[in-house]
**Student:** 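I have a structure I would like to understand better, so I am pasting it below and will then ask my questions one at a time.
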Amino acid sequence: MKYWLMKTEPDTFSIQDLYNSKNHTTSWEGVRNYQARNFMRDQMKKGDLILIYHSSCKTPGIVGLASVTRESHPDRTALDPNSNYYDPKATIENPRWYLVDVKWKETFNKTISLKTLKANPKLQEMKLVQKGCRLSVMPVTKNEFNLILEISKTN
DNA sequence: GCCAACGTTGGC
DNA sequence: GCCAACGTTGGC
């Protein structure tokens, strides 16, 4: 099993929105970055655990947990001219963009802020805290994942 | 709203 | 294939 972190802007789609989704589940639409897409398309497997991260908001940080419930399939919003995520280069034959389905698992009592993560000596290697990291889907090591779970319980 | 750090595009 | 210009992300 692998561990991941996925970013979302709470103004657009928050962990509460995920909770409110049918079966607490959504297709993770709108990722338009090749590296992030490749993680979803090639590496994310059913049962993998995901840290949900809120970005571009008052307190950026990790807000909860989710899991992969369906592996890679085409992101159909790329085919929809009315969608914000429309990509004229995507076709049914060659969808270009792929996503996974994500199911809510837990919302932490308190956000584990980016500030907290950056201040933790054990998390200095985390991709998330690296300067200039703009990836919206990224792998997390087992150690990092477990440590963050611990922090969430003592928060 | 600013701006650094990327990623992508497209002319050559 | 290079690289300048442009667009986007996301913390602050």
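Order of the sequence lines sets the chain letters (A, B, ...), proteins ahead of strands, with each chain counted from 1.
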**Student:** Check the orientation of A:Y19 and A:H24. Use parallel for under 30°, tilted for 30 to 60°, and perpendicular for over 60°.
**Tutor:** parallel
**Student:** Rounded to whole angstroms, how far apart are CE on A:M138 and P on B:dC6?
**Tutor:** 13 Å
**Student:** Could you check whether any side-chain heavy atom of A:I112 comes within less than 4.5 Å of a side-chain heavy atom of A:L117, counting everything from C-beta outward?
**Tutor:**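 When only atoms from C-beta onward are counted, A:L117 and A:I112 do touch, with a gap below 4.5 Å.
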**Student:** Does A:K131 place a side-chain N or O at less than 4.0 Å from the phosphate oxygens OP1/OP2 of B:dA5?
**Tutor:**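 So the side chain of A:K131 is within the cut-off, an N or O lying under 4.0 Å from OP1 or OP2 of B:dA5.
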**Student:** Of the nucleotides B:dT9, C:dC12, B:dG7, which has the atom closest to the A:K89 side chain?
**Tutor:** B:dT9
**Student:** Closest approach to the side chain of A:K7, judged atom by atom: which nucleotide of B:dG7, B:dT8, C:dG10 is it?
**Tutor:**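 When the side chain of A:K7 is considered, C:dG10 is the closest of B:dG7, B:dT8, C:dG10.
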**Student:** Measure CG/A:L135 against P/B:dA5 and give the value in whole Å, please.
**Tutor:** 17 Å
**Student:** Who pairs with A:Y34 by ring pair (Phe, Tyr, Trp, His ring centres under 6.0 Å), at least two apart in sequence or on another chain?
**Tutor:** A:W97
**Student:** Is A:T111 close to A:I62 at the side-chain level, that is, under 4.5 Å between some pair of heavy atoms?
**Tutor:**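 In short, these two side chains do not touch, never coming nearer than 4.5 Å.
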**Student:** Is there side-chain contact between A:M138 and A:Q130, with at least one heavy-atom pair below 4.5 Å?
**Tutor:** no
**Student:** Mind calculating the distance between CD1 (A:I62) and C1' (C:dG10) to the nearest angstrom?
**Tutor:**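 In whole Å, C:dG10 C1' and A:I62 CD1 are 15 Å from each other.
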**Student:** Side chain of A:K118 only, please: which of C:dC12, B:dA5, C:dG10 is the nearest?
**Tutor:** C:dC12
**Student:** Of A:V140, A:L147, A:T141, which is the lone residue that meets side-chain contact (heavy atoms from CB on, under 4.5 Å) with A:N143?
**Tutor:** A:T141
**Student:** For the side chain of A:Y34, starting at C-beta, report the closest nucleotide among B:dT8, B:dC6, C:dG11.
**Tutor:** B:dT8
**Student:** Between C:dG11 atom C1' and A:D11 atom CG, what is the distance in whole Å?
**Tutor:**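 In whole Å, C:dG11 C1' lies 15 Å from A:D11 CG.
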**Student:** May I ask you to verify if any side-chain N or O of A:Y53 is less than 4.0 angstrom from the OP1 or OP2 atom of C:dG11?
**Tutor:**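 It does, given that an N or O in the side chain of A:Y53 lies less than 4.0 Å from OP1 or OP2 of C:dG11.
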**Student:** Please give, in whole Å, the distance from C:dG10 C1' to A:E9 CD?
**Tutor:**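 Taking CD of A:E9 and C1' of C:dG10, I get 8 Å after rounding.
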**Student:** Is there a side-chain contact between A:M44 and A:V137, using heavy atoms and a 4.5 Å cut-off?
**Tutor:**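 They are in side-chain contact.
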**Student:** Quick one: A:R134 CZ to B:dC6 C1', roughly how many Å, whole number?
**Tutor:**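 The distance from CZ of A:R134 to C1' of B:dC6 comes to 4 Å, rounded to the nearest Å.
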**Student:** Is there, by distance only and without an angle test, a donor paired with an acceptor across the side chain of A:R32 and the base of C:dT8 below 3.5 Å?
**Tutor:**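 No.
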**Student:** For the pair made of NZ in A:K115 and P in C:dC12, what is the distance, rounded to whole Å?
**Tutor:** 9 Å
**Student:** Angle between the two end axes of the helix from B:dG1-C:dC12 to B:dC12-C:dG1, five base pairs per end, rounded to 10 degrees?
**Tutor:**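 The angle, to the nearest 10 degrees, is 10°.
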**Student:** A:Y85 has an atom OH; how far is it from atom C1' of C:dT8, in whole Å?
**Tutor:**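 Rounded to whole Å, this separation is 14 Å.
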